[in-house]
A.B. asks: 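One structure follows; several queries about it will come next.
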2 protein chains.
Amino acid sequence: MDAAQIDQVRRFNRTVTERVGVLHDRYLGRDRPIGEARLLWEIGEAGLDVRLLRERLGLDSGYVSRLLRSLETDGLATVEPQLRDRRVRTVRLTEKGRTERALLDGRSNELASSLLEPLNTPQRARLVAAMAEVDRLLTAATVTLAVVDPDHPDARHCLLSYFAELRQLFETGFDPARSLLPDAGELRPTRGLFLVARLHGEPIGCAGVKLPPGAPAEIKRMWVAPQARRLGLGRRLLTELETRAARNGCDTLRLDTNKALTSAINLYHSFGFQEVPAFNNEPYAHHWFEKRVTAPSYPTEAA
Amino acid sequence: MDAAQIDQVRRFNRTVTERVGVLHDRYLGRDRPIGEARLLWEIGEAGLDVRLLRERLGLDSGYVSRLLRSLETDGLATVEPQLRDRRVRTVRLTEKGRTERALLDGRSNELASSLLEPLNTPQRARLVAAMAEVDRLLTAATVTLAVVDPDHPDARHCLLSYFAELRQLFETGFDPARSLLPDAGELRPTRGLFLVARLHGEPIGCAGVKLPPGAPAEIKRMWVAPQARRLGLGRRLLTELETRAARNGCDTLRLDTNKALTSAINLYHSFGFQEVPAFNNEPYAHHWFEKRVTAPSYPTEAA
DNA sequence: AAGGTTCTCTGACTAAAGTCAGAGGATGGA
DNA sequence: TCCATCCTCTGACTTTAGTCAGAGAACCTT
C-alpha cells in the first residue's frame, strides 16, 4: 500500500484522537465513570434487556450487573424481570436517568460545537463535508462480506427485504413464485454461493451466484439495504463474486434485471457488463447482461 | 450553530472513535500497557529529559518515575542524570527499546493499512484526501490566539522568525533598523496590541496593531510560520485585530507591505483592503492598503 | 418430574492508571 | 555558606475497568 497514504492516515489518527479525545474527556468525562455513561447512553429512552445491553457493549455479565446496581442506587435506572421470561431483566431509565442522559447529550453537542467554533463559515462547511466523507468511507471499510447458507437467518432477512422492495418498485409488482428464482440448493457450495454483507453484525446486503459447471455463472438476488447505499457495496459484492467465480474456473458472468432498477443497471455497465439478447425467459427481466471474466490471477479484494 | 453540522460532527466522532479505537486496541494494545507504550513512543530515538517527557504527556511525576523504572527493568531504557544539571535526568532507549519502538511503529502502519484495505483504489484516494482535510481543519481549529506583551518570549520568537524570513524574501534584504518599525510600546495596550497564535503551546504566528487615538489603526508584523500556512490563520489574525480595533472605536485599518509578499497581498485584497497611495515612507514598502471598518456589532471570532 | 440450559447476580480477584504527600539530593542566589 | 527551589523518587492510596468461578432462579425439553 502507498506509504504516503499510510502516513496521512496516521497523521489523521493522531490529530483526531488527540483533539477529539482531549475534548471528549473535558466535556463528557466530568462526573461519571465512562462505563456508567456508556450504559446510560445505550439503555436509551425506551429501555433495554440486560443481555442485549451486554452484547452491544461487549461487556462481562458480572461487570454490567455491578454497573447497573450502581445506576440503581443513584436512582438513575430500574431493573425489572421481563414479563414473558423472568430470567431476562429489563433496564429502564427513571426520570432522573433521562435527565442525566439528556445532559450527556448536551455535552456531546458542546463538544461538537467546540470543534467548529474557532473556524469561519467556509472552513466549517469544508470540515463538515470532509467529516461526512471520512465517516462514509470508514463505514464502507467496516462492512464485512461472508459466504453463508441461503437459509441462514441473515440471508433470509436480506432476501425478504429484497422481495419487498421489488414488489414496490416493479410496475407489475413482484411475486417470487412467478420468477425464475434459483432454489436455495443452487446458491450453496458447490453449485453456487451466497454472500451476505454485514455492518456491525447487521445484514445489510447480499448477492448470490449460480456456478453451473461448464456454463456461464449467473448472478442472482443482489441487494443493498437503503441505509447502506452509496458505499460502493454493490461493486464490492460483484468484485467478490467475480473473483470467486473465476477461481472456480468460470469465464463468463451473466445476469438479468428489471428496467426499474436503474442504479443497478448503471453499476453493471460501469463494472464491464455488456447488454446481450435475452438468454432466459424471466418474466420480470427487461435487460440481460454478460461479462467475460479475466484469469483469476489478480488479488482478492478482502472478505 | 447549525444543528445538521453538529449532527455530522457527532456521527464522525462516533464512527472514528469506534473504528479507530477498536483497531487501535487490537493492534497496539497487545502486550504492553498503554502508559509504557506512550512513554516508549515519546522518548523517541534521541532520548529526552524526564521533565519534558512528563510535560508532554501531562502525567504525574511519581507515575512517570514508576513507568520509567518498569522500562528500565525490562531493559528498554536507561535513565541518567543530565551533565549540566544533575537534578534533571535524561531517558534514552537501549537497543532493545529501539526495537520495541520500531515494532510499535510497524503496528501503527498495520492499523492504518487495515483501515484502507477493504476499499478500492478510488475510495482509498477519497478517504485519504478527506482525512487530510479533516486533519488540516482540526489543526486550524486547535490554534489559539492570545494578546501578549511584545517582549514575551513567544512574541520575540515570532518576530525574529519574521525578520529572518523578510531578509530572505526581499530583493534588498531586510535590516530592522532601517524600517519604520513601531517600538514595542506602540504595540502594548493601550497604545496598541500584539497577538500570538499558538498550536500545542508553540508560537506559530503573530500580528500587531497600533491604535493611535483618532487616527487609522495600523497593522504591523503579521507573520505565520511556514508549517502553519494554509490554515486560514492570516485571516483569523486579521479578523481578530479588526474586531478589537473596532471595539476600540477605530474606523479605518491601514497597512503597508512589500511586493515580495504576494500571498499576504492576496489576503489583504480578499479581506476587503483597497490599495491606496503611500501614507508613509517605509523604505521596504511597495503597496499601501486601507480598509473601512464597520461598526463593532458583529460577534467576535473566538480567542 | 428431571435434567440441562439460560440469564443474572455475588464474591473474590487483578491490572492499569493515576494521585498525593513527603524525602532527599542538586543547584542557584543572596 | 545557607536557604529556597527544583527535580526525581518512594510509599501509600484510590478509582476504573475488568475477569473468573460459581450460585440460584427461571425456563425448556423430554
Side-chain angles (χ1 to χ4, degrees), chain A residues 17-18 21-22 24-26 28-43 47-74 76-92 104, chain B residues 17-18 21-22 24-43 47-74 76-92 100 104:
Chain A
T17 52
E18 183 185 303
V22 163
H24 186 273
D25 295 350
R26 178 132 67 237
L28 302 182
R30 203 59 75 94
D31 37 10
R32 190 168 292 285
I34 323 175
E36 290 183 22
R38 285 175 72 199
L39 238 68
L40 209 50
W41 190 256
E42 200 63 36
I43 291 167
L48 205 62
D49 287 355
V50 171
R51 63 167 169 190
L52 254 167
L53 192 59
R54 227 171 29 225
E55 194 188 325
R56 291 212 190 147
L57 296 172
L59 298 176
D60 175 85
S61 75
Y63 184 35
V64 168
S65 176
R66 237 175 292 271
L67 287 174
L68 287 176
R69 229 41 65 233
S70 143
L71 289 183
E72 264 187 328
T73 54
D74 287 3
L76 299 173
T78 56
V79 182
E80 283 174 353
Q82 214 195 42
L83 289 176
R84 38 172 69 180
D85 182 346
R86 300 219 316 287
R87 289 171 304 182
V88 180
R89 309 192 74 193
T90 305
V91 210
R92 250 174 267 282
L104 285 178
Chain B
T17 52
E18 182 185 305
V22 162
H24 186 273
D25 295 349
R26 177 133 67 236
Y27 283 94
L28 302 181
R30 203 60 74 94
D31 36 12
R32 190 168 292 285
I34 323 174
E36 289 182 23
R38 285 176 73 198
L39 239 69
L40 209 50
W41 191 256
E42 200 64 35
I43 290 168
L48 206 61
D49 287 355
V50 170
R51 63 166 169 190
L52 255 168
L53 193 59
R54 229 176 22 230
E55 194 188 325
R56 292 212 189 147
L57 295 172
L59 298 175
D60 175 85
S61 75
Y63 184 37
V64 168
S65 176
R66 236 175 294 270
L67 287 174
L68 287 175
R69 228 42 63 234
S70 145
L71 289 183
E72 263 187 327
T73 52
D74 288 3
L76 299 173
T78 56
V79 182
E80 283 174 351
Q82 215 194 41
L83 289 177
R84 37 172 70 178
D85 182 346
R86 300 221 314 288
R87 290 170 302 183
V88 181
R89 310 192 73 193
T90 304
V91 211
R92 249 174 267 282
E100 187 80 12
L104 284 179

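The sequence lines fix the lettering, A, B, ..., with proteins before strands; numbering per chain opens at 1.
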A.B. asks: Return each pair, listed once, that meets salt bridge (Lys or Arg N to Asp or Glu O under 4.0 Å) where at least one residue sits in residues 76-88 of chain B; pairs must be two or more places apart or across chains.
C.D. replies: Asp85(B)-Arg87(B)
A.B. asks: What is the distance, rounded to the nearest whole Å, between atom CD of Glu80(B) and atom C1' of dA26(C)?
C.D. replies: 17 Å
A.B. asks: For Leu71(B) and dC9(D), what is the distance between atoms CG and C1' respectively, to the nearest whole Å?
C.D. replies: 16 Å
A.B. asks: Can you list every pair that meets salt bridge (Lys or Arg N to Asp or Glu O under 4.0 Å) and has a residue in residues 54-72 of chain A, with sequence neighbours left out?
C.D. replies: Glu42(A)-Arg56(A), Arg69(A)-Glu72(A)
A.B. asks: In whole Å, I'd like the distance from the CZ atom of Arg38(A) to the C1' atom of dA17(D).
C.D. replies: 10 Å
A.B. asks: Please state how far atom CD in Glu55(B) lies from atom C1' in dC6(D), giving the value in whole angstrom units.
C.D. replies: 14 Å
A.B. asks: Taking only residues two or more places apart in sequence, or in another chain, which ones meet Asp74(A) in a salt bridge (Lys or Arg N to Asp or Glu O under 4.0 Å)?
C.D. replies: Arg32(A)
A.B. asks: Which letters describe nucleotides 2-13 of chain C, given B = protein heavy atom under 4.0 Å from base, S = only from sugar-phosphate, - = neither?
C.D. replies: ---BBSSBBBB-
A.B. asks: For Ser65(B), which residues count as a side-chain hydrogen bond (donor to acceptor under 3.5 Å, both in side chains) partner, sequence neighbours excluded?
C.D. replies: none
A.B. asks: Grab the CD-C1' distance between Gln82(B) and dT8(D) for me, whole Å please.
C.D. replies: 13 Å
A.B. asks: Using side-chain hydrogen bond (donor to acceptor under 3.5 Å, both in side chains) as the criterion, list what pairs up with Ser61(A), not counting sequence neighbours.
C.D. replies: none
A.B. asks: Atom CZ of Arg84(B) and atom C1' of dC6(D): how far apart are they, to the nearest Å?
C.D. replies: 16 Å
A.B. asks: Could you check how far CG of Leu59(A) sits from P of dA17(D), rounded to whole Å?
C.D. replies: 10 Å
A.B. asks: Rounded to whole Å, please give me the gap between CD in Glu72(B) and P in dC9(D).
C.D. replies: 8 Å
A.B. asks: Can you tell me how far apart CG (Leu68(B)) and OG1 (Thr78(B)) are? Round to the nearest 0.5 Å.
C.D. replies: 10.5 Å
